[in-house]
Number of protein chains: 2
Amino acid sequence: MIDLLVCYDVGTTTEAGRRRLRRVAKVCVAHGQRVQNSVFEVSVSDVQLLTLRGKLLEIIDPTEDSIRIYRLRQPREKHVEAYGQDKYVDFSEPLIL
Amino acid sequence: MIDLLVCYDVGTTTEAGRRRLRRVAKVCVAHGQRVQNSVFEVSVSDVQLLTLRGKLLEIIDPTEDSIRIYRLRQPREKHVEAYGQDKYVDFSEPLIL
């Protein structure tokens, strides 16, 4: 699996922008999780990456938005630091509720 | 040098949030560039990373904001895809104006 970070820059001052963000979030969350309002960590296979990229490019408005997809270093938890309000949940660890 | 991605999630609906974003931007841009409204690519030494992290943690409001720092894979240009409005400028290449 490939660990990716998807960063989406969209104007959320318009309803159309907010709608695009919701759609991008839906596509990304199917393969991972939302770690910030418009930043997503996803894990995909090579084939899923093709589909994911295609869907994202269908949703965004290239004249207004920016989307950046980074391949993360593995293991991801060794290469990320999070401060403040951390929304990440490690689903590969046992969840204690 | 260490290539980092700094993702900052801050509410920009308040003047205080916008001010924190401006301050985070200033600190990050000293070591790199702003690639999205609240996403920065920076290159730092081990020592600069300590200073950068310290400054960022001084600026953010941990009860409201989220900041995530990813170590990027190198060479960075092989592991990032950008679509739409791309603000990145490769300063290591000759600039043709």
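Note: hydrogens, waters and symmetry copies are ignored here, and every other heavy atom, side chains too, is used. Chain letters run A, B, ... following the sequence lines, proteins first and then strands; every chain starts at 1.
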Before giving the answer on side chain to side chain contact (heavy atoms under 4.5 Å, CB included), spell out for B:L5 and A:C7 the whole-Å C-alpha distance, their side-chain angles and the decisive distance to 0.1 Å.
CA-CA 10 Å; B:L5 190 75; A:C7 302; 4.1 Å; yes
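Linking Ile, Leu, Val, Met, Phe, Trp and Tyr whenever their side-chain heavy atoms come within less than 4.5 Å leaves A:M1 and A:L50 in two separate clusters. B:L72 and B:V80 fall within a single hydrophobic cluster, where Ile, Leu, Val, Met, Phe, Trp and Tyr are joined by side-chain heavy atoms under 4.5 Å apart, directly or via other members. Side-chain heavy atoms closer than 4.5 Å link hydrophobic residues (I, L, V, M, F, W, Y) into clusters, and following such links, possibly through other members, connects A:L49 to A:I59. There is no path of hydrophobic side-chain contacts, each under 4.5 Å, that joins B:V35 to B:V29. Linking ILVMFWY side-chain heavy atoms closer than 4.5 Å, directly or via other members, places B:V42 and B:I2 in a single hydrophobic cluster.
Neither the backbone nor the side chain of A:L56 comes within contact range of chain B; no heavy atom of the residue lies under 4.5 Å from a heavy atom of that chain. In this structure, chain A has a heavy atom under 4.5 Å from the backbone of B:D65, while its side chain stays farther away. Residue B:L4 does not touch chain A at all, counting heavy-atom pairs closer than 4.5 Å. Heavy-atom distances place both the backbone and the side chain of A:I69 under 4.5 Å from chain B. With a 4.5 Å cut-off on non-hydrogen atoms, B:I67 touches chain A through its backbone and its side chain both.
For B:R76, the salt bridge (Lys or Arg N to Asp or Glu O under 4.0 Å) partners two or more places apart in sequence, or in a different chain, are B:E41. With sequence neighbours left out, the salt bridge (Lys or Arg N to Asp or Glu O under 4.0 Å) criterion links A:R23 to no other residue. With sequence neighbours left out, the salt bridge (Lys or Arg N to Asp or Glu O under 4.0 Å) criterion links B:R34 to no other residue.
At a heavy-atom separation below 4.5 angstrom, chain A is approached by B:Y8, B:D9 within residues 8-15 of chain B.
Heavy-atom pairs under 4.5 Å with chain A peak, among B:S66, B:G84, B:A82, at B:S66. Most heavy-atom pairs under 4.5 Å with chain B: of the set A:R71, A:R68, A:K78, A:H79, this distinction falls to A:R68. Chain B forms the most heavy-atom pairs under 4.5 Å with one residue out of A:I60, A:N37, A:D61, A:V39, and that residue is A:N37.
Here the side chain of B:E81 pairs no donor or acceptor atom with the backbone of A:Y70 at under 3.5 angstrom.
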